[in-house]
Amino acid sequence: MTRHTALWIALLLAAIAVAPLLTASNAALNFIVFVLIIALAAQGWNLLGGVAGQSSFGHAAFFGTGAYVSALLQLRFGVNAWAGLAAGIAMGALVGWVIGFLSFRAGLRGSYFALVTLAFAEVLRILANAMGFTGGAAGLLLKLDLGFANLQFSSRAQFLWLALGFVALGLIISLRIAATRFGAQLVAVRENEDAAKALGVDVLSVKLRAIAISGAMTAAAGVLYLQYFLYIDAQIAYGVWISVEALLAAMVGGRGLVLGPIIGAFTLHGLGEATKAFAGRVPGIDLMVYGGVLVLVVAFAPGGVLGLLAKLRPKSRRSGETA
Amino acid sequence: MLEVRDITMRFGGLVAVGGASFSVPKGAIVGLIGPNGAGKTTLFAVIAGFLTPTAGSVRFEGDDITAMPTHRRAARGIARTFQIVQPFAGLDVRENIAVGAYLRHASASEAHRRAEAVAQRVGLGADLDKPAASLTVAGRKRLELARALATEPKLLLLDEVLAGLNPSEIRDIVPVIRAIRDEGVTILMIEHVMQAVMNLCEHVHVLAQGKLIAQGDPPSVCADPAVVEAYLGRGAAERLRLEASHA
Ligand SMILES: Nc1ncnc2c1ncn2[C@@H]1O[C@H](COP(=O)(O)OP(=O)(O)OP(=O)(O)O)[C@@H](O)[C@H]1O
Ligand SMILES: [Mg+2]
């Protein structure tokens with residue numbers, strides 16, 4: 001990473017951090033918190049789908065597991081919310097590892113892998129919706145009990161900073177990985193598995209580590225969602241919507257790039273809000289915008305927003321840019 | 001160092017390699033030649049662990065490695081290049097070679113330092129920051145060699161690294177290969193460029209239609225009627241002999 005990139009990252013985080021000092025609008029703060037949660041989920045997707053090239057269509061499996069594990073521990077076993085957070089993240093990693101073990105060991109790649117992840121997420125959604133233990137179709141409602149110890153904040157600003165802290169942590173983890181042997185192996189697996197194997201890369205183990213870390217990050221987003229809205233059901237936690245959000249944000253921002261998920265999440269939802277403002281409350285109009293943006297990105301800007309920006313910059317400054 | 005015993009590799013009904021046995025002594029440069037489709041690349045894939053042979057075994061430094069996964073063979077010291085080059089197209093040359101260097105060096109700075117040293121050696125020193133996808137054919141062949149070399153192998157399997165190069169590029173790379181051997185790396189090379197085979201190899205095995213049909217030092221192998229027939233067709237050796245005696 002160049003100093004230039006580090007500066008941009010610091011500026012971006014600082015700009016988000018001061019937002020609550022500039023506006024007291026609940027709608028604005030809600031918007032930012034929601035987008036940060038999406039960005040965190042997308043950071044998880046990006047590590048596996050962007051950096052390691054194993055596109056998933058089922059990151060809801062991790063998001064939902066984080067949310068449900070934490071909610072169930074709190075509601076059924078009286079466990080503290082912070083411990084619930086830790087457990088949710090750990091279970092996200094475990095579920096990731098298991099899905100990875102079953103599908104990568106069977107040699108699934110590309111759209112086959114994507115479909116299998118979708119199937120896993122759907123199975124979990126149906127189970128969570130059917131079982132009494134998980135609250136069935138009624139979902140799970142956390143008791144309102146404000147306080148730092150319960151991971152519930154009366155002020156939206158505080159929650160925003162917490163979510164931002166997680167996104168910053170996700171950034172640091174992604175940057176660290178990019179600078180290590182593991183990061184180089186992830187990219188090697190994405191670019192050419194046979195060549196990677198020939199150079200001594202244990203492809204299965206690299207993919208399993210990637211999906212476990214990816215699952216943990218997206219599970220953290222699920223726990224944050226739970227703690228912010230204090231309510232989940234199967235459709236929210238394990239719904240296809242979050243798989244799509246995670247994938248789209250990473251793709252639109254710039255697949256495989258550390259800042260991609262954040263830029264993508266803000267771009268998408270910014271556009272979504274703008275459309276709503278112009279077009280009024282036409283149902284599904286934001287979804288149409290998403291579809292349109294996806295088509296545009298795939299057709300004209302495979303590098304996403306960041307890829308476009310890099311193209312606009314003068315050539316001399318572009319060399320040496322990796323992050 | 002390497003012992004290939006009775007290797008048979010069948011693809012459905014096609015016998016690509018049929019009962020091939022040979023060995024490569026430590027420190028040697030051994031050639032593997034033969035006409036197109038003879039099964040040379042298939043044999044390499046078996047040795048490097050990309051294919052599990054239908055029958056037979058591969059031994060390396062005395063151990064049976066027939067069932068060992070590819071990445072562990074690389075860790076043991078077997079590196080291969082690909083006849084159809086397989087660059088990490090989205091990465092630059094330095095990053096490509098570093099993936100190989102990471103096998104023995106966990107630190108990024110050390111892996112990059114090694115990658116740069118290897119690049120210098122094979123003549124890619126000026127291209128370190130170029131995307132691999134932008135290299136010429138000759139550049140890509142060098143990159144294959146560099147990546148394999150960066151794993152610090154004991155046995156290097158070179159699959160037609162000279163194919164597609166012009167004579168002056170070949171003249172540049174032949175001494176590099178010899179120098180690698182002189183440092184103690186054992187080399188087994190598939191090569192169609194006979195001038196290079198003559199120049200480099202002490203011993204040559206000839207594969208034709210999946211069977212090893214001849215072996216020996218390069219000049220005697222080239223004079224072997226069975227080899228000439230394998231390349232030029234049945235009766236060719238006889239025709240050549242007659243033509244030579246008429247001239
Ligand atoms: N994966 C595969 N599936 C089916 N057939 C294969 C496969 N790989 C190779 N073959 C066949 O096996 C035979 C040997 O191929 P191989 O590539 O080993 O030959 P080669 O000696 O390397 O030839 P060349 O000099 O053209 O590189 C060919 O007939 C080829 O079509
Ligand atoms: Mg071949």
Side-chain angles (χ1 to χ4, degrees), chain A residues 1-2 46 49-55 104-105 107 174-209 254-257 260 302-304 306-307 310-311 315-323, chain B residues 44-45 47-51 69-82 84-92 94-112 115 128-133 140 143-144 146-153 156-157 159:
Chain A
M1 182 183 59
T2 59
N46 197 40
V51 181
Q54 312 299 312
S55 293
F104 292 140
R105 223 176 54 125
S174 307
L175 284 168
R176 273 304 305 152
I177 288 176
T180 61
R181 160 155 74 182
F182 175 51
Q185 293 181 334
L186 286 178
V187 175
V189 166
R190 174 188 74 202
E191 295 288 322
N192 191 322
E193 277 192 27
D194 276 345
K197 270 198 280 184
L199 299 174
V201 177
D202 184 345
V203 172
L204 178 62
S205 138
V206 163
K207 285 183 182 174
L208 286 179
R209 273 184 285 162
R255 198 175 174 171
L257 304 174
L306 289 170
K311 258 188 216 160
K315 273 221 160 70
S316 57
R317 299 244 306 273
R318 228 196 301 162
S319 63
E321 186 83 63
T322 50
Chain B
F44 262 30
I47 296 170
F50 283 83
L51 293 172
T70 305
H71 67 272
R72 292 214 11 241
R73 296 190 203 204
R76 276 292 303 262
I78 300 178
R80 76 170 288 192
T81 66
F82 292 92
I84 300 164
V85 293
Q86 310 276 348
F88 302 123
L91 307 187
D92 65 30
R94 180 188 284 103
E95 291 165 332
N96 262 270
I97 306 174
V99 175
Y102 272 122
L103 179 59
R104 316 251 178 240
H105 306 279
S107 116
S109 55
E110 181 64 14
H112 281 118
L128 279 161
D129 294 315
K130 284 193 192 153
R140 288 172 196 217
L143 183 59
E144 281 289 324
R147 280 194 320 199
L149 208 50
T151 66
E152 298 170 29
L156 188 54
L157 306 170
D159 196 346

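Reminder, nothing fancy here: chain letters follow the sequence lines and each chain counts from 1. All values derive from a computational prediction rather than experimental measurement.
With a 4.5 Å cut-off on non-hydrogen atoms, B/Ala150 does not touch chain A at all. For a residue to count as touching a neighbouring chain, one of its non-hydrogen atoms must lie under 4.5 Å from one of that chain's; by this rule B/Thr151 touches chain A with the side chain only. Proximity to chain B (any heavy atom under 4.5 Å) is restricted, for A/Ala179, to the backbone atoms N, CA, C and O. Heavy atoms of B/Ala106 lying under 4.5 Å from chain A belong to its backbone as well as its side chain. At a 4.5 Å heavy-atom cutoff, the contact between B/Phe88 and chain A is made by backbone and side-chain atoms alike. Only the backbone of B/Pro87 comes within contact range of chain A, judged by heavy atoms closer than 4.5 Å.
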Legend entry - CA sep, side-chain torsions, deciding dist, call: B/Leu149, B/Leu156, side chain to side chain contact (heavy atoms under 4.5 Å, CB included): CA-CA 8 Å; B/Leu149 208 50; B/Leu156 188 54; 4.1 Å; yes

So B/Leu103 and B/Glu152, side chain to side chain contact (heavy atoms under 4.5 Å, CB included) or not? Walk me through it.
CA-CA 9 Å; B/Leu103 179 59; B/Glu152 298 170 29; over 6 Å; no

request  = May I have the step-by-step check of side chain to side chain contact (heavy atoms under 4.5 Å, CB included) for A/Gln185 and A/Ser205, ending in yes or no?
outcome  = CA-CA 10 Å; A/Gln185 293 181 334; A/Ser205 138; over 6 Å; no

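Qualifying salt bridge (charged side-chain N to carboxylate O under 4.0 Å, His left out) partners for A/Arg209, counting only residues two or more places apart in sequence or in other chains: none.
Within the 3.5 Å criterion, the main-chain N or O of B/Ile47 finds a donor-acceptor partner in the side chain of B/Arg73.
Chosen from B/Ala79, B/Ala111, B/Ala89, the residue pairing most often with chain A at heavy-atom distances under 4.5 Å is B/Ala89. Annotation: maximal heavy-atom pairing with chain B below 4.5 Å, among A/Asp202, A/Thr180, A/Asp194, occurs at A/Asp202. The candidate with the highest count of non-hydrogen atom pairs below 4.5 Å against chain A, out of B/Gly90, B/Ala75, B/Gly49, is B/Gly90. Comparing A/Arg181, A/Arg190, A/Lys197 by how many heavy-atom pairs each has under 4.5 Å with chain B, the most go to A/Arg181.
In A/Arg176, the CZ atom is not crowded: 12 or fewer heavy atoms of neighbouring residues, nucleotides or ligands sit closer than 6.0 Å.
Neither side chain, B/Arg80 nor B/Thr70, offers a donor N or O lying under 3.5 Å from an acceptor on the other.
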